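In what follows, a structure is listed as structure tokens, so that the remarks can point back to it.
Residue indices begin at 1 and follow the sequence shown. Given the structure is predicted, the values throughout are model-derived calculations rather than measurements. No hydrogens, no waters, no symmetry mates; every other heavy atom, side chains included, goes into these values.
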Amino acid sequence: MRPIGFFAISITIFVCANACGLWIRRRWSGGVGRESGSLKTLESAVLALLGLLLGFTFSMAVSRYDTRKALEIEEANDIGTLWLRTSLLSDNGRVAEQALITRYVHARLEFFASGRSQERFVKSAEDTARLQQQMWDVAMQESNLRRDPESALFVSVLNDSIDVTEKRRAALENRIPAPAWVMLLGMGAIGCLLVALSFQGKTKGLQIMLPLILASTLTLIYDIDSPRSGLIRVQQQSMERLAQSVGVR
């Protein structure tokens, strides 16, 4: 789901809960007035708990965003080191590996630029796996021919650059679980209902304020946690600088 769709769903839920609270207050104004003290206590407790959950969820989303960014830098560094260590190989091995690395960097950029396109995402993942195997085959040929520390160093950093791709994919798939979103939407709806029950003003703009703030806050968290469909994404500056240095067009 795109963040704009999530915002539409959340604002609808909160506005409906708010309207329900206002309707209950008008329908049973006497009973609501008698229980105003208890409602205030319950409202404060629910909003405090909601604030705690929002802070915790925001922290989870930002932590995942930071992890994705750190892994992007790590992968760029690994591939950059791999490119430099091709100088340790024989002439044939160096030419073959550099040609493969150039294509590999392009495939990695495409993998994280695919957005919501599942076709591009799958194709770039397949290209990544195929190029990794080809680079490994060339490295094994070099290692079998020479069996010296230089070829071992190249194999080591190649292994690191392959391992980090799975780390990045796992980080891409590591999202805030759906039950957490259901809990937040439910708590937000209850909070809007309780606030509406004790609301004293007549201005409609004030009545919509809490649903709008809650929906906007949740959408911001959802956007940060949506690496492929959100507006706030991990930028690929390190990988793009690497692409320029290895001659990717």
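- Both Val62 and Trp181 are members of a single hydrophobic cluster when ILVMFWY side chains are connected at heavy-atom separations under 4.5 Å.
- The structure places NZ of Lys167 at 4.5 Å from CD of Glu74, a figure rounded to the nearest 0.5 Å.
- Classification of Arg94 and Asp91 as a salt-bridged pair holds, one side-chain N sitting under 4.0 Å from a carboxylate O.
- At least one donor-acceptor pair under 3.5 Å links the side chain of Asp223 to the backbone N or O of Ile232.
- At a threshold of 4.5 Å between non-hydrogen side-chain atoms, the residues Pro227 and Val234 do not count as touching.
- Summarising the geometry of Glu142 relative to Ser90, their closest heavy-atom pair is OE2-OG, 2.6 Å, with the distance given to 0.1 Å.
- When every heavy atom of Ile176 is checked against every heavy atom of Ala180, the shortest pair comes out as CG2-CB, 3.8 Å.
- Side-chain contact annotation: Asp137 with Gln141, donor-acceptor N/O pair under 3.5 Å absent.
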Would you please test Glu119 and Lys123 for salt bridge (Lys or Arg N to Asp or Glu O under 4.0 Å) and show each step? CA-CA 6 Å; Glu119 182 180 351; Lys123 182 180 183 302; over 6 Å; no

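- Cluster membership check: Leu231 does not share its hydrophobic cluster with Ile4, using side-chain heavy-atom separations under 4.5 Å among Ile, Leu, Val, Met, Phe, Trp and Tyr.
- For the pair Ile73 and Ser238, the tightest heavy-atom approach, listed with the atom from each and the gap, is CG1-OG, 3.7 Å.
- Glu166 contributes atom CD, which lies 11.0 Å from atom CG of Leu71 (distance to the nearest 0.5 angstrom).
- The main-chain N or O of Ala139 is never found under 3.5 Å from a side-chain atom of Ser143 such that the two would form a donor-acceptor pair.
- The backbone N or O of Ala96 sits nowhere less than 3.5 Å from a side-chain atom of Gln98 that would complete a donor-acceptor pair.
- Checked by atom type, the side-chain pair Ser226/Arg175 shows a donor-acceptor distance below 3.5 Å.
- Note that CG of Leu153 is 12.5 Å distant from CG of Leu84, once rounded to the nearest 0.5 Å.
- Hydrophobic clustering places Leu220 together with Met60 (ILVMFWY residues linked when any side-chain heavy atoms are closer than 4.5 Å, directly or through intermediates).
- Here CG of Leu52 is found 12.5 Å from CG of Leu47. Values are rounded to the nearest 0.5 Å.
- For Asp127 (side chain) and Ala107 (main-chain N/O), no donor-acceptor pair under 3.5 Å exists by modelled atom type.
- Ser156 places no side-chain N or O within 3.5 Å of a backbone atom of Ala152 that could act as its donor or acceptor partner.
- Contact record, Ile221 with Thr57: CG2-CG2, 3.7 Å, taken as the closest heavy-atom pair.
- Leu193 and Leu210 fall within a single hydrophobic cluster, where Ile, Leu, Val, Met, Phe, Trp and Tyr are joined by side-chain heavy atoms under 4.5 Å apart, directly or via other members.
- Residue Pro211 forms a side-chain contact (heavy atoms from CB on, under 4.5 Å) with just one option from Ile13, Thr12, Val195, Asn18, and that option is Asn18.
- Here the closest non-hydrogen pair linking Thr102 and Val246 is OG1-O, 3.5 Å.
- Under the 3.5 Å distance criterion, the side-chain polar atoms of Arg120 are matched with a main-chain donor or acceptor of Ala113.
- Cluster membership check: Phe14 shares its hydrophobic cluster with Leu194, using side-chain heavy-atom separations under 4.5 Å among Ile, Leu, Val, Met, Phe, Trp and Tyr.
- How far CG of Leu242 is from CD of Gln236: 11.5 Å, rounded to the nearest 0.5 Å.
- Annotation: ring-ring contact (aromatic ring centres under 6.0 Å, His included) contacts of Phe121 (sequence neighbours excluded): Phe111.
- Using a 4.0 Å cut-off between charged side-chain N and carboxylate O, Glu72 and Arg68 make no salt bridge.
- Every residue was checked against the ring-ring contact (aromatic ring centres under 6.0 Å, His included) condition with Tyr104, not counting sequence neighbours, and none meets it.
- The nearest pair of heavy atoms linking Arg169 to Ala125 is NH1-CB, 3.7 Å.
- In this structure, Arg64 contributes its side chain and Ala171 its backbone to no donor-acceptor pair below 3.5 Å.
- Here Trp83 pairs with nothing under the ring-ring contact (aromatic ring centres under 6.0 Å, His included) rule; sequence neighbours left out.
- To the nearest 0.5 Å, atom OG of residue Ser151 and atom CG of residue Leu158 are 12.0 Å apart.
- No side-chain donor-acceptor contact under 3.5 Å links Glu75 and Thr165.
- Here the side chain of Ser63 pairs no donor or acceptor atom with the backbone of Ser59 at under 3.5 angstrom.
- The closest side-chain heavy-atom distance from Ile101 to Val105 is below 4.5 Å.
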